[in-house]
Amino acid sequence: MSRPAGREPRRLTRWWRRRSLRTRLTVIAATAIAVSVFVAFQVGIELLNWELQDTAENQLRADSRVLATNAERAGLAQVQLPPYPGSGRLVRVILPDGSTRTPVGQPALPPVSEHAGRVAQGASADLMESNDSDGYFIYTLRAGDGAVQVARAVADDSPITRFGSGMLLIGLLCVVGGALVGRTVARTGLAPIDRLTAAAVRVAHTQDLDADIPDEGGGEIRRLIQSINDMLAALRDSRQAQRLLAEDAAHELKTPLTSLRLNVELLIRLDRRGTLDSALPAESRTRLLNDLGAQVAELSTLAAELTDLARGDVSDESTELLDLADVVVTAATRARSRVPDIEVALDVTSVWVSGRPAALQRAVLNLIDNAGKWSPADQPVQVRLRAEGASAVLEVDDAGPGIDAADVPRVFDRFYRADSARALPGSGLGLSIVQRVVDAHGGRATVARSARGGALLRVDLPAAAPPAPIARLTAGEDTAVH
């Protein structure tokens, strides 16, 4: 069974792709030189052949003119023909009656052709013929009432053969030399890439991201090295952030876990002794169970915030055009349901933005929760939303003690909690999540002191054009439904 016609080219392509870049460059260099030598060989042969033929024809014309001049002086029948030297040119005189005269001992020439006979009859002045079958160049020139002919055997192609053999040998040497030079150039040119590969392999094996690859070479090599160093720097930053997140998470989880473990161990120990009812009055038992519930809730919140923070900007939620007022109202409703003691005063107007609804709602909810921790029971958390220029401005302020100037630069840091907030519930991740969400939407989050003396947290997001209204006809009039 014969193989498909396209299989061999595909196998050749796969073989070529498996070769190293150094081998490819060597093959390409050798092939380019071989093609160049072949073209030069063909052109040289044609030029040499043309030059030899042109020289032979010029010599025939010169000899014919000399013989014709002598024939016109002495007459075609009486002109003295040069003796045949044994090789070289051949001469012949064509008389008016069509007969011919040749020197004694000269080899016979091919019969006078029809075209040469016309020259002898005066139909044309001269004629150059090439008789390939007999191997002669014959030049016929009108002289007197007839014509003279000078012939020369077709030049021996041994010079051309020798020239071709020499060119072939030179070509082979050039191909071999080109392959060696190409190999050397490829090795030299790819040396920085070899060192770059070795450095990348070393980093992969040692996991040492602190060792930058030396910047060497120029052009594309330098840009490649700089790109890999930038990638290593990004990996270092990512590893550092991961390490800090793990350390901070472990630190934050330690306190609620310790308290939870101690309370549970206390309950287990008293239960095993059978003194649970006597050692813990109903009031203490209720307080302990409430503490356990609060600690579990704190751990659940912390775990959710850690998961959200660790995901970074990776989210399956798509961006859509939405009214930020709806997001703020929904977040305020959730805040009231989670902590009934929080009073939220809303002053919002419709402002459209392009964003991810769930992420924005989480950010607004964290802002309200943070304000609710500080605002006194008789003072509501004020939430304001308005359009300001090309931005949607969201402000959340409380009537609490405010944020110390020393704490302002670190308000949005992960796990950061001011000294005054240590006794309050929370993980220190809420405002960090707000910062991440705002940054992902191209906005800006800032903190200042509100007019009521508390903290004023402000979020600026790029506003978007509202969707076009849906038009409909009612009683012959145009109305718009938003």
**Student:** Show the numbers, then the answer: is there a side chain to side chain contact (heavy atoms under 4.5 Å, CB included) between D398 and Q379?
**Tutor:** CA-CA 8 Å; D398 59 69; Q379 295 291 333; over 6 Å; no
**Student:** So which atom in A332 and which in L346 form the shortest heavy-atom distance, rounded to 0.1 Å?
**Tutor:**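 Smallest heavy-atom distance, with atoms named: CB-CD2, 4.0 Å.
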**Student:** When rounded to the nearest 0.5 angstrom, what is the spacing between CG in L60 and CD in E129?
**Tutor:**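 L60 atom CG to E129 atom CD measures 11.5 Å (nearest 0.5 Å).
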**Student:** Between T319 and S354, which heavy-atom pair has the shortest distance, and what is it?
**Tutor:** CG2-OG, 3.2 Å
**Student:** Using only atom types and a distance under 3.5 Å, with no angle test, would you say the side chain of T349 pairs donor to acceptor with the backbone of L385?
**Tutor:**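 Yes, the answer is positive, given that a donor and an acceptor are paired below the 3.5 Å cut-off.
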**Student:** Please give me the minimum heavy-atom distance between P376 and A399, naming the atom from each residue.
**Tutor:**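 That closest heavy-atom pairing would be CD-O, 3.5 Å.
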**Student:** Check whether the side chains of S391 and D460 place a donor and an acceptor atom closer than 3.5 Å, and report yes or no.
**Tutor:**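 Per modelled atom types, S391 and D460 side chains form no pair under 3.5 Å.
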**Student:** What distance do E395 atom CD and E388 atom CD have between them, rounded to the nearest 0.5 Å?
**Tutor:**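 With rounding to 0.5 Å, CD (E395) is 7.5 Å from CD (E388).
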**Student:** Hey, is CZ on R61 packed in by over 12 heavy atoms from elsewhere, all under 6.0 Å?
**Tutor:**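 Atom CZ in R61 is crowded, with more than 12 foreign heavy atoms closer than 6.0 Å.
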**Student:** Between the main-chain N or O of R356 and the side-chain N or O of H441, is there a donor-acceptor pair closer than 3.5 Å?
**Tutor:**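 Indeed, once roles are kept as given, a pair shorter than 3.5 Å links the two residues.
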**Student:** Nearest heavy-atom pair of L360 and G355: which atoms, and what distance?
**Tutor:**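 Heavy atoms of L360 and G355 come nearest at CD1-CA, 4.3 Å.
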**Student:** Distance from L365 atom CG to T333 atom OG1, nearest 0.5 Å?
**Tutor:** 10.5 Å
**Student:** Flag the pair R362 / V437 as yes when at least one side-chain heavy-atom distance between them is below 4.5 Å, and no otherwise.
**Tutor:**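 Of all side-chain heavy-atom pairs linking V437 with R362, none is under 4.5 Å.
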**Student:** Does R336 use its side chain to pair, donor to acceptor, with the backbone of V344 at less than 3.5 Å?
**Tutor:**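 Present.
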**Student:** Flag the pair V353 / V327 as yes when at least one side-chain heavy-atom distance between them is below 4.5 Å, and no otherwise.
**Tutor:**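 No, too far: nothing below the 4.5 Å cut-off.
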**Student:** Do you know the tightest heavy-atom contact between A363 and V434?
**Tutor:** O-CG2, 3.4 Å
**Student:** Starting from the C-alpha separation in whole Å, work towards a yes-or-no answer on side chain to side chain contact (heavy atoms under 4.5 Å, CB included) for R384 and D397.
**Tutor:** CA-CA 9 Å; R384 297 181 292 273; D397 79 32; 3.0 Å; yes
**Student:** CG of L456 to OG1 of T446: how many Å apart, nearest 0.5 Å?
**Tutor:** 7.5 Å
**Student:** Looking at every heavy atom in both A464 and L321, which two are closest together, and how far apart are they?
**Tutor:**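 Looks like CB-CD1, 3.6 Å.
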**Student:** Has N370 got a side-chain atom pairing as donor or acceptor with N366's backbone, closer than 3.5 angstrom?
**Tutor:**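 Such a contact is absent between N370 side chain and N366 backbone.
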**Student:** Any side-chain heavy-atom pair from V329 and D326 closer than 4.5 angstrom?
**Tutor:** no
**Student:** Find the distance between CD (Q361) and CG (L324) and round it off to the nearest 0.5 Å.
**Tutor:** 11.0 Å
**Student:** So, D439 and Q435: side-chain donor and acceptor under 3.5 Å apart, yes or no?
**Tutor:** yes
**Student:** Go through the steps to decide whether Q382 and D347 satisfy the test side chain to side chain contact (heavy atoms under 4.5 Å, CB included), and finish with yes or no.
**Tutor:** CA-CA 8 Å; Q382 295 184 357; D347 180 14; over 6 Å; no
**Student:** Hey, is the main chain of V351 close enough, under 3.5 Å, to the side chain of D323 for a donor-acceptor pair?
**Tutor:** yes
